[in-house]
Amino acid sequence: MTLARIPHHVAIVMDGNGRWATRRFLPRVAGHKKGMDALRACVKHCGERGVKVLTVFAFSSENWNRPPEEVSSLMELLAAALAREVPQLNVEGVRIHFVGDRAQLSEKVRAGLAQAEAATAGNQRLVFNICFNYGGRWDIAQAAAKLAARGEAITEQSLDRAMALAHVPDPDLVIRTGGERRLSNFLLWQAAYAELYFSDKLWPEFDAAALDDALADYAARERRFGKTSEQVTPPAAKRVA
Ligand code: IPE
Ligand code: IPE
Ligand code: MG
């Protein structure tokens with residue numbers, strides 16, 4: 001399958017793990033485990049399709065409010081996955097970046113993240129940002145605090161450079177699975193001009209075909225960035241299309 005226009009940067013709110021498990025009379029953590037399989041497949045498929053940056057929302061600033069057992073399972077799952085998946089990510093040329101507030105995480109999780117980042121630092125095919133203990137508001141506030149501490153003026157450009165995702169361009173496509181139509185504090189600054197795509201599939205069911213549907217939907221959109229349609233796609237080009 002060839003797709004006309006592949007987004008450079010895809011960002012995903014991986015939602016619906018809990019419902020996937022509950023519908024099968026399984027504990028919620030079983031859904032998170034299954035969600036990890038979906039994520040592995042998604043990373044691989046993004047690389048194959050030529051996506052250059054994949055950013056996923058794995059744990060939000062607000063997810064601390066879940067039952068403590070679920071929070072600790074999510075921490076354990078992340079630590080185990082980082083240790084397990086790095087060799088395959090190296091084969092696929094995937095570079096991991098952790099995005100979020102590390103300060104509240106345990107020493108074990110922090111060490112796992114640092115090791116995974118170091119072990120994949122030489123890879124160039126796909127940048128894989130894992131947003132963990134991340135919130136869009138946290139990011140804007142920490143960027144502003146950094147500038148204030150340095151005595152720098154606050155402008156759009158300086159804030160942009162101080163954000164946790166300053167190493168990549170803004171997302172072109174933001175996907176949310178699980179049927180909800182909200183951002184839940186994800187990429188509030190960076191998604192200003194992203195195309196939004198909502199899928200009713202629960203995250204563990206979001207497979208390569210579902211990702212291709214999202215990519216095809218994106219390819220058919222006209223991104224105007226404030227301009228008119230005629231400016232972006234000259235009428236002559238439209239007649240040919
Ligand atoms: C998303 O799935 C994963 C995390 C938030 C960690 P949920 O756990 O939110 O699944 P639902 O929304 O309850 O189905
Ligand atoms: C968003 O999902 C966070 C992640 C996917 C990590 P939630 O399930 O936490 O979002 P809300 O609370 O339903 O908005
Ligand atoms: Mg949810």
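Every value quoted in this text rests on a predicted model; they were computed, and no experiment measured them. Just follow the structure's listing: the first ligand is 1, and inside any ligand the first atom is 1.
If you check which protein heavy atom lies closest to atom 10 (O) of ligand 1, you get Gly18 N, 2.9 Å. At the top of the distance list for atom 14 (O) of ligand 2, counting protein heavy atoms only, stands Ser184 OG, 2.6 Å.
Screening Val51, Val94, Leu215 for a side chain to side chain contact (heavy atoms under 4.5 Å, CB included) involving Cys46 leaves a single residue, Val51.
Close approach to Ala58 involves these atoms of ligand 1, each under 4.0 Å from a residue heavy atom: 6 (C). Shown in contact with Arg176 at under 4.0 Å from a heavy atom are these atoms of ligand 2, numbered in order with element: 2 (O), 10 (O), 11 (P), 13 (O), 14 (O). Numbered from 1 in the order shown, with element, the atoms of ligand 2 that lie under 4.0 Å from a heavy atom of Val13 read 1 (C), 5 (C). Which parts of ligand 2 touch Arg182 is read off a 4.0 Å heavy-atom cut-off, strictly below it: atoms 11 (P), 13 (O), 14 (O).
Inspection of the Ser184 and Arg176 side chains reveals an N or O donor paired with an N or O acceptor under 3.5 Å.
Asn123 places no side-chain N or O within donor-acceptor distance of the main-chain N or O of Gly93, the cut-off being under 3.5 Å.
Both tests do not hold together for Arg23 against Trp20: distance to the six-membered ring centre under 6.0 Å, angle to the ring axis within 45°. Seen from the ring of Phe128, Arg95 does not count as a face-on cation partner, given the 6.0 Å and 45° thresholds.
Annotation: side chain of Phe132 is in contact with side chain of Met75 (closest heavy-atom distance under 4.5 Å). The side-chain heavy atoms of Asn17 and Pro204, taken from C-beta on, include a pair separated by under 4.5 Å.
Taking the charged nitrogens against the carboxylate oxygens, Asp207 and Lys201 have no contact shorter than 4.0 Å, which rules out a salt bridge.
Taking all heavy atoms of Met14, Arg19, Arg66, Arg28 into account, the minimum distance to atom 9 (O) of ligand 1 is reached by Arg66.
With a 4.0 Å cut-off on non-hydrogen atoms, Leu202 does not touch ligand 1 at all. With a heavy-atom cut-off of 4.0 Å, Phe59 touches ligand 2 through its backbone alone.
For atom 12 (O) of ligand 2, the protein comes within 4.0 Å by no heavy atom at all.
The Mg ion (ligand 3) has an N, O or S atom of Asp15 inside 2.8 Å of it.
The N/O atoms of Asp15, backbone and side chain alike, include one that comes under 3.5 Å of an N/O atom in ligand 1. Backbone and side-chain nitrogen or oxygen atoms of Ser60 are examined, and none is located within less than 3.5 angstrom of a nitrogen or oxygen of ligand 2.
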Q.
Does Phe59 form a ring pair (Phe, Tyr, Trp, His ring centres under 6.0 Å) with Tyr134? I'd like the steps, not just the answer.
A. CA-CA 7 Å; Phe59 189 89; Tyr134 169 89; over 10 Å; no

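At least one heavy atom of Gly16 sits less than 4.0 Å from an atom of ligand 1.
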